[in-house]
Protein chains: 2
Amino acid sequence: MDMDIREIARRAKVSTATVSRAINRIPTVDPQLAKRVWKVVDELGYYPNTQARALVSGKSRIFGLVVSEITNPFFPEIVQTFENLAVQHNYEILLTSTIHDPKRMESSVRRMIERRVDGVAILTFGMEDSLIEHLRFRKVPLVFVDVGPDVPGVSNIRVNYQNGIRQAVQHLAALRHTRIAFVTGPLHLKSALARRDAFKTAMEEIGLPVAPEQIVVGDHTMEGGMRALDLISVRDCPTAVLCSNDMTAIGLMREAYDQGINIPHDLSVVGFDDIRLSEFMIPPLTTVQMSQTELAQIAFKALMNEVDGESPAQGKSEYELNTHLVLRRSTALAPGHDGRLKPLMVSGAGRGLSSPYRARRRKGMKPLA
Amino acid sequence: MDMDIREIARRAKVSTATVSRAINRIPTVDPQLAKRVWKVVDELGYYPNTQARALVSGKSRIFGLVVSEITNPFFPEIVQTFENLAVQHNYEILLTSTIHDPKRMESSVRRMIERRVDGVAILTFGMEDSLIEHLRFRKVPLVFVDVGPDVPGVSNIRVNYQNGIRQAVQHLAALRHTRIAFVTGPLHLKSALARRDAFKTAMEEIGLPVAPEQIVVGDHTMEGGMRALDLISVRDCPTAVLCSNDMTAIGLMREAYDQGINIPHDLSVVGFDDIRLSEFMIPPLTTVQMSQTELAQIAFKALMNEVDGESPAQGKSEYELNTHLVLRRSTALAPGHDGRLKPLMVSGAGRGLSSPYRARRRKGMKPLA
DNA sequence: CTAAGTTGAGCAAACGTATTCTCGGCATGC
DNA sequence: GCATGCCGAGAATACGTTTGCTCAACTTAG
């Protein structure tokens, strides 16, 4: 019924040691015998018991992967490429999501430790330090994005937010926008702060002052994006808005639709992350790409380096991930400028323009109920 | 360094057997001793080794979860609720994605077997029968959606496609649509066929004939949806289209935007699945809900039933999942009728209407390049 | 032809836990 | 006061592998 290495040994008339060595392709075993073993293995459909293997070898061949929520479209892409790499290297992945909930974070690391993972990639933004300590204490290789401590055994993927955000700001400036709003993420997240600061810096670089009321705080959700539109409206009445992530931008565009605000002609919007969906938004969302695929690849490679690395003096454990603007069609010349020049490389964005919206909006009128 | 049940036993001055019993809360152990054990456990931050546990108990406390692709927005929601249930019941989940690739399917079941999962939920639509046999052979409890064989040890979740699709068709008919197209999924998928057939049935029920050219085949992707728009345009020039899934609908709407076709006024579109995003589309997508949350809950419960079930004569292993229409704003009265009546409960859908599109479209003109 | 070296297979000891079985101690009933 | 039960703790075994060690057989050099 349940196959056994001993059963194989019996049928192939060799010892279990030989079976084990044959299966693991250890070259010292006689090819003749190896073939005999493999024959029996195939016939019986035998698969080694991973738990037993792990127990004796001390390696579980499992990598932990901690994300914020799987339902956040930023993550599935990461999970997918991480899984692809895992199967290639005969690893399994233990996927865990902290729903921004301390309880869940705790259970998350407990699960990692119980299953004796060989390493964990913490791709969630924001995690209790004390929990991290539990993993560090057990010498589990770790990889973080941005927030990892600078100690051996933990790698860090530094994201260059500035590049992409600078490009976004300059793109908007080139389109004659001067009143540019920014919708942040949750302010307790390092990554959200970094994006906001990058925005400020980029604005200052080109001599555009940024007043406090241009910055409204969101929460990286679509609902937050919807609320954010009202917040920026009542204030400065900006002609462009940069969002801390694509979800925010999507929610904001959706709310704009409800209020009859035409994007991009009444309002240009730029997202951040470049989730796959953003290309399919209406209009397609101009956004700053932070490649999820690349992020996952780097994270996996970092883990592999730590685990293979015989010498404790491994190579560098700092990695960098760049960001850059990808132009689509959610930005246009600032209102009032559209008669003069054609929008830059935003072909097609001009269609669907409906001047009444712009008129209504610019007079500060309430949208239709 | 690495904690051990023996280390705990030593420090608590008891045997390993007692430690084991204390940890597993077996009532025969003296409360006094139990407390002593727990004290040491907490102090040392000891976590039992799951592999060793699994080895001796024969239960891995892992459920396999097979999906098509994690990046398909239909699945993350499922994974999330499946995971929630898993942590509640102290299970781990082994997530696997067949990228519609036979190789991946094979590796998928191999991984399941190697890790000795206690059960697997096959939520992908379409899977090699021979592979299933491998799992059946090892008496692994299985749960399928729609396509499972009717044998003990495998549960089945029957989806009632007819209900929701009938509602969708009747909704369109009520809006005066008579030429209704349908974009199918990949035709080798049982679930895609079921949806298509449900559409035909629903049409016939209300006396609307469905000509072959009203049905175009898609592939359940956004790109497929984009292509589908052209296919339906050159043919019957329908006023409404029902899509086999939301991704298709989203792609189609996106292409409509490019071509200057206004949705819903030139063309009504209805999706299927009700992925979370559909609510945030522009316009918000009217679609047939097939609750991902509920699906995951049923799947998990089915697995739990099989694994708990002491008696081989478990309860019923057939489950049903209903579907129903959720109205949003991607449908409107058929063109030519909009002057007379107000659209039913599609408030706001009238705004953004741009008559030139409709005019252009109805004359069969090419869209702008 | 013998001694030393090489090769490759089997024996047995781990790995960390659950669990059966044994057995001592205590209470209970006569 | 003694035999009988019962209760709870410990000793030992099993789970399915990997791997260090032993040792037989064979090869090669002298």
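All chains are named by letter (A, B, ...) in the order of the sequence lines, taking the proteins before the strands, and each is independently numbered beginning at 1.
Atoms CD1 (B:Ile5) and P (C:dA18) sit 5 Å apart, rounded to a whole Å. Atom pair A:Leu55:CG and C:dA14:P shows a separation of 14 Å (rounding to whole Å applied). Between the C1' atom of D:dT17 and the CD atom of B:Glu114 lies a distance of 13 Å, rounded to the nearest Å. For the pair B:Glu7 CD and C:dG16 P, the computed distance is 11 Å after rounding to whole Å. At whole-Å resolution of the value, CG in A:Asn49 and P in D:dT18 are 10 Å apart.
Among the nucleotides D:dG10, C:dC11, C:dG16, the one closest to any side-chain atom of B:Ser15 is D:dG10. Closest to the A:Asn24 side chain, of the nucleotides D:dC15, D:dT18, C:dT17, is D:dT18.
In summary, the side chains of B:Ser317 and B:Ser155 do not present any donor paired with an acceptor at a separation below 3.5 Å, with no hydrogens or angles considered. A donor atom on one side chain and an acceptor atom on the other are found under 3.5 Å apart for B:Ser97 and A:Glu83. With hydrogens and angles left out, the side-chain atoms of A:Asn90 and B:Arg111 include no donor and acceptor closer than 3.5 Å.
Residue B:Val19 is classed as having no contact, given no heavy-atom separation below 4.0 Å to the nucleic acid. Among the atoms of the strands shown, only primed sugar atoms or phosphate atoms (P, OP1, OP2) are found under 4.0 Å from some heavy atom of B:Thr18.
Between the base of C:dG16 and the side chain of A:Arg116 there is no donor-acceptor pair shorter than 3.5 Å.
Annotation: side chain of B:Lys301 is not in contact with side chain of B:Met304 (no heavy-atom distance under 4.5 Å).
In terms of phosphate contacts, A:Tyr47 brings no side-chain nitrogen or oxygen within less than 4.0 Å of OP1 or OP2 of D:dG16. At C:dG16, one or more side-chain N or O atoms of B:Arg6 fall inside 4.0 Å of OP1 or OP2 (strictly under the cut-off). Between D:dT18 and A:Ser20, a contact under 4.0 Å exists linking OP1 or OP2 to a side-chain N or O.
Mapping B:Lys13 and B:Ala52 onto DNA chain D via the closest heavy atom, the residue that lands nearer the 5' end is B:Lys13.
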